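These figures come from a predicted structure and were not determined experimentally. We name chains A, B, ... by the order of the sequence lines, and we start the count at 1 in each one.
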Protein chains: 2
Amino acid sequence: MVKEYHKLSERQRNIIQFMLNYVETFGFPPSIREIGEATDIASTSVVNYNLNKLVEAGYLVRTNHVSRGLRLVEGVNIPGQRKRVQAQAQHLRLPLIGHIVASKPVQMPEDSGQHYDEDDLIDVPSAMLKGADPADTFALIVKGDSMIDAMIREGDIVIMRRQSTAQAGDMVAVWLTDNNETTLKYYYPEGERVRLQPAHPQMDAIYVKADTCQIRGKVLSVLRYVQ
Amino acid sequence: MVKEYHKLSERQRNIIQFMLNYVETFGFPPSIREIGEATDIASTSVVNYNLNKLVEAGYLVRTNHVSRGLRLVEGVNIPGQRKRVQAQAQHLRLPLIGHIVASKPVQMPEDSGQHYDEDDLIDVPSAMLKGADPADTFALIVKGDSMIDAMIREGDIVIMRRQSTAQAGDMVAVWLTDNNETTLKYYYPEGERVRLQPAHPQMDAIYVKADTCQIRGKVLSVLRYVQ
DNA sequence: TTGACAAATGAACATCTGTTCACGTATACT
DNA sequence: AGTATACGTGAACAGATGTTCATTTGTCAA
C-alpha cells in the first residue's frame, strides 16, 4: 500500500520532485550525490536512507549496486504529476522464465537477468514487487497441482525474487535434496532443522534438516487468471 | 540530418533495440558494458565507438563522463519501437470497494461512473480483466478463511465483474439465500438445481436449488501479496 | 602491392557511484 | 534518568563505469 504523499518528510518530497525534473531533463535518473546536492543533503548515506524510505512508501524502485538504478513508480499520486499518472500507470516487465514444477529445482535466470525477449515478459503492477529489486525478480507459471497446499493452482503465476537465504516467515521456493522436490512453503529455521509450513491453514508443517533444504527464491506475490 | 535506420551497421541496430528493451524494463539506460554483453561486443571501446556513431547518426544523445548518460532521441523512426508501444500493456485502476466475507452478500458499486477515493483504487494490468468492461469491474479483499476451498486466502484481492447470470464453468460469487452465505465456486447449472464446484480439486461439489442461488458477479482474476 | 580508412581488440586508468559503518542529534515514551 | 527510534553526519571502501590508447584486422580503391 502506498503511503500518502503528504506524510512523506520534506526531504523525501524534495527528492521526488527533483527526480521528476531530472529524469525529464536528462532522460536518466540522478546519482545519489546529485540528489544530495540538489536537495541540500550533506551525506550520501542520508540520501540513501531516504531513498530506501521512498521504496518502502511505494514511490520508488531501486536496482542494487547499479549506478543511477532508480525509477519513480508512476501511478502514484504525486502533486503536479496527476496528468501523467492518469495517462499511464506504472508497471514493470518481468521475465517469465518458465514453469515451476514439483519434480525439478526452480530454474533461475542465468545472471542478473538479461531477459529481453518480447514473448518472455509479463506486465505486473510495481506494487507486486513490494520494493524488491526488479533485476532480481522474475515470474514462473505453476505446472501441476502439487503446490495446492501452498494455496496455489496450476496456471497461477508466481512472482519471485531470487535469493538463497530467507528470514523466518518468508514464503520461499525450496529444493528438497532428499525428496528431489520443489515446494513452496513458509520458512521457519529452528536450529539444525527447518520447519516448512504450508499456506493452507489446515495442513501440517514438515521438518527437514537444514542442509537438505536449498532456498531458491522468495515468493513475493501470486497472479491468477481464473478459467 | 538523421541517417536512415537501415544504413546503420547491424551492431548499431542491435544496440538501439537493446536500449529500447532495457529502458522499458528497468527505467534507466544500460551501461556500456551491459550493452557489450547483450550485443556480443567484446570491448567497451567498441561499444563506445558505436555509441558515438549513433550520436552522429542522430539516434542518441550522450552526457559525457556520466554513468548511463545515454538517451535515445525521441521522434526518430525506429522499426519495432512503434509496435512495442502499442503492444505495451495498459494498466487500469479499479475501485477497491471493500471486503468479501462469507456471512454477507457481495456489496456492489451502485452504478458505474462514480467517484472513488484515491486510496480505494488498485492498479492492475489490463490483462487481468480479460476483456471485461472496466466500468463493470471492481476489486474486493477477501476477509476470513472461508474461501479456502476456492483456493483463495484471507487478504487475497479478487477482481470481479458485476453480473447476475453466468455460463457453465464460470467462477462466480453467489449468495446462497438458504445458508445466508457468500461463496466463490465454479458454476454448473443442471436443470432445477445448480452444481457449485470448489476450485480445490479434492473437495466435493455442493448442489443447491437454482432459486436459492443468486449470482452476484464473475471472478476474473486473483491477486495475492504474499506475507 | 600499397595506402588509407573504418572497425575492432584488449588493457589500463581515473573517476563516479552505491554501500557501509561508527558516531552524533533530536524527540518521545517509560 | 534511561531507552528506543528516527534521522542525520562524515568518512572510507569496493566495485562500477566512461575514457583513452597502442595495436590489429578487414575492406576497398589506386
Side-chain angles (χ1 to χ4, degrees), chain A residues 3-4 6-16 18-19 22-23 26-72 111-114 131-136 163 165, chain B residues 3-4 6-16 18-19 22-23 26-72:
Chain A
K3 194 169 177 179
E4 290 93 340
H6 67 270
K7 288 205 176 172
L8 300 175
S9 77
E10 189 187 340
R11 284 188 157 176
Q12 285 155 18
R13 290 195 301 269
N14 286 343
I15 289 175
I16 287 180
F18 171 69
M19 277 196 64
Y22 191 102
V23 171
F26 294 104
F28 48 85
S31 71
I32 282 186
R33 281 167 181 82
E34 286 172 327
I35 295 174
E37 273 181 43
T39 58
D40 280 319
I41 298 177
S43 172
T44 58
S45 63
V46 179
V47 178
N48 188 54
Y49 172 83
N50 283 291
L51 288 178
N52 287 331
K53 288 290 172 189
L54 286 173
V55 171
E56 285 175 29
Y59 286 83
L60 215 56
V61 179
R62 297 188 76 178
T63 299
N64 293 330
H65 302 282
V66 166
S67 64
R68 301 167 191 270
L70 304 170
R71 104 184 285 183
L72 276 170
D111 238 336
S112 60
Q114 308 278 336
D133 184 340
D136 291 334
Q163 58 187 56
T165 61
Chain B
K3 196 170 177 178
E4 290 93 340
H6 67 271
K7 291 206 175 176
L8 300 174
S9 77
E10 188 186 343
R11 282 188 158 174
Q12 285 156 18
R13 291 194 302 269
N14 286 342
I15 288 175
I16 287 180
F18 171 71
M19 279 196 64
Y22 191 102
V23 172
F26 292 105
F28 48 83
S31 71
I32 283 185
R33 282 169 180 80
E34 286 172 328
I35 295 173
E37 272 182 45
T39 58
D40 280 320
I41 298 178
S43 171
T44 58
S45 62
V46 178
V47 178
N48 188 54
Y49 172 84
N50 282 291
L51 289 177
N52 287 331
K53 287 292 170 187
L54 285 172
V55 172
E56 285 175 30
Y59 285 83
L60 216 55
V61 178
R62 298 189 73 177
T63 302
N64 290 335
H65 299 97
V66 166
S67 63
R68 299 167 192 269
L70 305 170
R71 98 184 291 183
L72 280 168

Tell me: [atom1] of [X] to [atom2] of [N], nearest whole Å?
X: B:L51; N: C:dA7; atom1: CG; atom2: C1'; answer: 14 Å
X: A:N14; N: D:dC7; atom1: CG; atom2: P; answer: 15 Å
X: A:F26; N: C:dC16; atom1: CZ; atom2: P; answer: 15 Å
X: A:I32; N: D:dT9; atom1: CD1; atom2: P; answer: 15 Å
X: A:I35; N: C:dT19; atom1: CD1; atom2: C1'; answer: 15 Å

Tabulated below should be each protein N or O lying under 3.5 Å from an N or O of nucleotides 8-11 of chain C; please produce it.
unit_1, atom_1, unit_2, atom_2, d
C:dA8, OP1, B:R11, NH1, 3.0
C:dA8, OP2, B:N50, ND2, 3.3
C:dA8, O5', B:R11, NH1, 3.2
C:dG10, N7, B:S43, OG, 2.7
C:dG10, O6, B:S45, OG, 2.6

**OP:** Could you list by number each residue of residues 60-70 of chain B showing a heavy-atom separation from DNA chain D of less than 4.0 Å, or answer none if no residue does?
**Re:**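 Contacts with DNA chain D under 4.0 Å: B:R62, B:N64, B:H65, B:V66, B:S67, B:R68.
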
Original post:
Do the side-chain N and O atoms of A:T39 and A:R11 include a donor-acceptor pair separated by under 3.5 angstrom?
Top reply: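 Note: A:T39 and A:R11 side chains miss the donor-acceptor criterion.
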
Subject >> side-chain contact (heavy atoms from CB on, under 4.5 Å) against A:Y49, all qualifying residues, sequence neighbours excluded >> reply: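 With neighbours one apart ignored, the set is A:K53.
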
**OP:** Mind checking side-chain contact (heavy atoms from CB on, under 4.5 Å) for A:F26 and listing every partner two or more places apart, or none if nothing turns up?
**Re:**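 Listed in chain order: A:Y22, A:F28.
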
**OP:** Apply side-chain hydrogen bond (donor to acceptor under 3.5 Å, both in side chains) to B:S45 and list each qualifying residue two or more places apart in sequence or on a separate chain.
**Re:**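 B:S43.
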
Original post:
Who are the side-chain hydrogen bond (donor to acceptor under 3.5 Å, both in side chains) partners of A:N52, not counting sequence neighbours?
Top reply: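 Scan of A:N52 (side-chain hydrogen bond (donor to acceptor under 3.5 Å, both in side chains), adjacent residues dropped) gives A:R62.
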
If every non-hydrogen atom of [X] is compared with every non-hydrogen atom of [Y], which pair is closest and at what distance?
X: A:G36; Y: A:V47; value: CA-CG2, 3.6 Å
X: B:A57; Y: B:L8; value: CB-CD2, 3.9 Å
X: A:G27; Y: B:P29; value: O-CG, 4.3 Å

Original post:
Are any of A:N48's side-chain N or O atoms less than 4.0 Å away from OP1 or OP2 of C:dG18?
Top reply: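 Looking at the OP1 and OP2 atoms of C:dG18, neither is under 4.0 Å from any side-chain N or O of A:N48.
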
Subject >> Contact under 4.0 Å: B:K53 side-chain N or O vs C:dA7 OP1/OP2 >> reply: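 So the side chain of B:K53 is within the cut-off, an N or O lying under 4.0 Å from OP1 or OP2 of C:dA7.
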
Original post:
What nucleotide, of C:dG18, D:dC7, D:dG18, holds the atom closest to the side chain of B:R33?
Top reply: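 So the nucleotide nearest the side chain must be D:dG18.
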
Original post:
Run the side chain to side chain contact (heavy atoms under 4.5 Å, CB included) check on A:L51 and A:I35 step by step: do they pass?
Top reply: CA-CA 10 Å; A:L51 288 178; A:I35 295 174; 4.2 Å; yes

